[in-house]
Every structure is written in structure tokens, then in C-alpha cells.
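As a basis for the values below, the full set of heavy atoms in this structure was taken, side chains included, without hydrogen atoms, waters or symmetry mates.
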Amino acid sequence: MTTSYSNLPAVNPVADVSEIPVAVRGKDIDPLLFDLLRTVSPHGKESKINELLLAFISKVQPDITPHVDVKGNLIMQIGKHPKTMFSCHTDTVQGGIDQEFTTLHISPEMYVHASIPSDVTWYENSAGDTVTDLNMKQEARSDGKAFPFYTLLDGRLYGSKNQFDGWVDTQKRYATRTAVKPKACVLGADDKLGCYILCRLIEAGVDGLYVFHIGEEIGGIGSKYLAVHKPEYFTGVQHCIAFDRMDYGDIITHQSGGRCCSDTFANALADQLSVNFPPMQKMAPSDRGSFTDSANYTSLIAECTNVSVGYFSQHTARERFDLEWLERHLIPALLKIDWAELPVEREATSFAAPFQGVRAKPRSNRNYFGSYQSQRSMVPAGGFTSSEDARRTQSRIDRVQNNLCEMESFDPRDGFFPEESAGQKAQRVLYTFIKDDMTLSEIAQMVVDVYEYTAYDNAMPTMQEEAFWLKDM
């Protein structure tokens, strides 16, 4: 049976991509960007992205040999003594996708989405119309077959006054249909867009140290390794620009609980970008950053930031990005920046050591997916004669902060542990609110995400659910 996608009921409450046209490589999306986006690359599979990057770089800069270190970071340099480092990461939050490639879709508004194939089951009445369980009940009752309970078995609708026996054939027949339908999934624009931007800067020959990091989504593995073990790579580098921020307008000034770049630097970069943007899409400094790899270089590089690249709802099946803004506005503006002349005001030694997550986990633009050790001392300054004196003198807030550093953050994708009591679950969520300094808006978004993850996981019916109970509404 040939079935039009438009006739299928929507089973994915997150995003129905079946009505969004499939993108064509080289026609709708640049071939390199297309290949980067469709390749599934959770941590451990970044080498697939490195292969694409190395092939591209060999074409546009054949005289430069990139280096892949022992961790899998891809590093290259243009210019003898670049003052600017460009940063992105090659891993994505796509661990739940058990195939090598996704399908890309592009809307008329130029937003790009991704999907994977999924089996869909629906029901049709004798007239060939798609029906729901409620429709079946209504059709039976309209013919005088009203019962408190209904069940569908072998295409026959039965009714009963008792849900355990006394089933009566309502003479209503329904066919079960199945088809493969695209189901929205994590796109991976976080951070394939950053990878693509670095490639365009490399193609243009912009002086810089280019680092494609591994393992950013699980705690900044690649950047932490470089910052700790290869600090000499960053001698003379004054700016670290990560392209790994949601939305259109942020130049991040604070990450992981501390300042990562000066307002002077952020304003200068924002001004140079904004002059090349549409009037309603300007860049501006933002102190609402969480974590990306540039945070791990703040003790080595004076000005470290993260720049918006136009993706939204990252780490969810609603993830999408604005292709037109990326290609027509952001990248052309970046190519006009005089990177070496950007101001340097912040002291590179004024921030903490590399990021230390309580537990390696994905992170989002919202702080509740990130976690960090507080830079605040757990013991007040002063002369204590013993550790016991120090513990007695600790303030209550320090005790709470210390507990926060030891506690697992709550993540909607991970849920709760089986052994947690209801009180412990509530306490961990509350501690996550406090630890990550979440705003009311961020807390509200977290509740929405919990709902959508649950709805998404429960959207597809199981085989057992095909013979379902239809109870009174």
C-alpha cells in the first residue's frame, strides 16, 4: 500500500518533519556543511568528522598539514604567530541515534532539521479514513453500541460493561496500517556549525590557531587535555573565539561561574560583527554563558568567548538552525573582522583552572546541563589551628555549596536513579536550581523539556499497545 505522509497522523509531538522537504546536497546546503550535519558523531565517533575536515583542508590549504593529537583533537595553524585561536567541537549529543547518517530537511524559511526513519502505526475505518481510539468509540456509540469499555482485537472493535469479560462485537472493523515515517531527531548543529565556520575561515586564509575539539559535550575532554598538557601551543595567543552558542546575538563574557573575557573585548567584537548584520539582528555581550571549550583556556589566553551561530533547541529533537543567517550574514561578517587588532584587557591569570565537571554529561545553553566546582573557598580566610576549627567556622552557605559540588546535577535526559526516594529526587532538582543559578525562565524551560522528553519517548505505540483499551473520556 502506498501512503502519502500527509495522510499519516502526527506521532511526534516534538517536531513533525514529514511535511518539511528533504534537503539536497549541493543545491540546498553546501556539500561540506551537508556532510558534517548528516554524519552522526557522539563522543567516540569524532574521527568520522575529522576525516571530512582533513579532506576539505587538504583541498583549500594543501601546503598546511593539520595535526591530530593523541586525544583526537584536530589542530592547524595559519600564519607564523597568530594572535587568535578559533575553537569548535566535533562531538554531538546523538548517542541515542543508532545509525551512521540522518536525513536533513529544509523549510521554506531556511531552517534546517534532521530526521531518522521510524515505523508508524495508525488505524483506518471501512471508508479508508484515518481514525483515533476516540473516533472508534464515537462511531460505535452513534450506532447504538455504547459501552464503558472497548478493545480492538484482530481488526474488530469489541465493547463491554466489564473490562474483564462480557465482550460484544460492535460490528465495527478497522484496519491496522504501518509505514516508515521521518521522525525528528537531534540535528547536531551544536557544533557542526562551528566546524563549518572554522573551515570557511581556513579557506579564506585567515591567520589563526584552529582547534577542532573532541569531547566537549561530556566535559571538555579535548580542551582540558590541551590546556593542561600543551600550554605551549597557546603562546602569544590573545583571543580564543569559540563558535558554539545558540541564538543570533550573544558574545559570551562569563562561563563556568567566572568571567572569560572583558566587556571591552566583547563590545569591540560585537561592533565589528553588527555593522554587517541586518538592523534587527545585532550582537551584544552576554553574561549568561554555561560552558564550552574556550572556558578551559582562560588561564592561558586573555580574552576567551563564545559566539552565537544561529542554532536553537540544541540537544533535542526540536533542534534546528537558520541557514540563511549563517551563510548570508554571519560568515561574511566574520571574514571582515580584523582579529589581530581586537583589544585585550582581561588578565589571563585571573580565572580558574580548566573545567572540572562533577560528572561528564551533555550540556545545553541553559546552565542546568552544566556543572562546575565553585571558585569560592570552602573555608573562610583567617588563622585556624585545625581542620576541626575550620569546619566549625564554615558558614551555612559554604556547607550547602560544598554539598552542591558533590551532588549529581539533574538532567531531563538522564532522569532519576532507581534507588532515589521521592524526597531525594526533589532535593537533587532543587540543588540543581541553586548550583546553576537558574532563572525562573530557565526553570520553566527545564519543566517543558522534561515534558517533551517524556512525550517524545512515549510517542510511538508498542506492538502490545495495538490491542488497546478504550476507556470513557
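Within the 3.5 Å criterion, the main-chain N or O of Glu319 finds no donor-acceptor partner in the side chain of Gln314. Side chain of Thr132 to backbone of Asn135: a donor-acceptor contact under 3.5 angstrom is found. Between the Lys48 side chain and the Val40 main chain, a donor and an acceptor come within less than 3.5 Å of each other. The backbone N or O of Gly72 lies less than 3.5 Å from a partner atom in the side chain of Asn50, making a donor-acceptor pair. Using a distance-only test at 3.5 Å, with no hydrogens or angles considered, no donor-acceptor pair links the side chain of Ser308 to the main chain of Gly310. Side-chain atoms of Thr170 do not come within 3.5 Å of backbone N or O of Ala140 as any donor-acceptor pair.
Each of Asn73, Asp293, Thr292 was checked for a side chain to side chain donor-acceptor pair (under 3.5 Å) with Ser223, and the lone residue meeting it is Asp293. Screening Thr92, Val93, Ile218, Thr90 for a side chain to side chain contact (heavy atoms under 4.5 Å, CB included) with His43, the sole residue that qualifies is Ile218.
A donor-acceptor contact closer than 3.5 angstrom is absent between the side chains of Ser41 and Gln94. In the model, Glu139 has a side-chain atom that pairs as donor or acceptor with a side-chain atom of Asn125 under 3.5 Å. With hydrogens and angles left out, the side-chain atoms of Tyr196 and Glu327 include a donor and acceptor closer than 3.5 Å.
Applying the side chain to side chain donor-acceptor pair (under 3.5 Å) test to residues at least two apart or on different chains, the pairs with a partner in residues 20-34 are Arg25-Asp35, Asp30-Arg200.
Looking only at side-chain heavy atoms (C-beta outward), His89 and Ile214 stay at 4.5 Å or farther from each other.
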Give every donor-acceptor pair under 3.5 Å between a side-chain atom in residues 98-106 and any protein atom, sequence neighbours left out.
{"from": "Gln99", "atom 1": "NE2", "to": "Phe101", "atom 2": "O", "distance (Å)": "2.6"}
{"from": "His105", "atom 1": "ND1", "to": "Ile20", "atom 2": "O", "distance (Å)": "2.9"}
{"from": "His105", "atom 1": "NE2", "to": "Ser115", "atom 2": "OG", "distance (Å)": "2.7"}

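Ring planes of His213 and Tyr297: tilted class, angle from 30 to 60°.
The 12-atom threshold is not exceeded at NZ of Lys161, counting heavy atoms of other residues, nucleotides or ligands nearer than 6.0 Å.
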Notebook entry, point to check: Between Tyr311 and Arg320, is a side chain to side chain contact (heavy atoms under 4.5 Å, CB included) present by the stated rule, with each step listed?
Noted result: CA-CA 6 Å; Tyr311 61 64; Arg320 63 202 182 281; over 6 Å; no
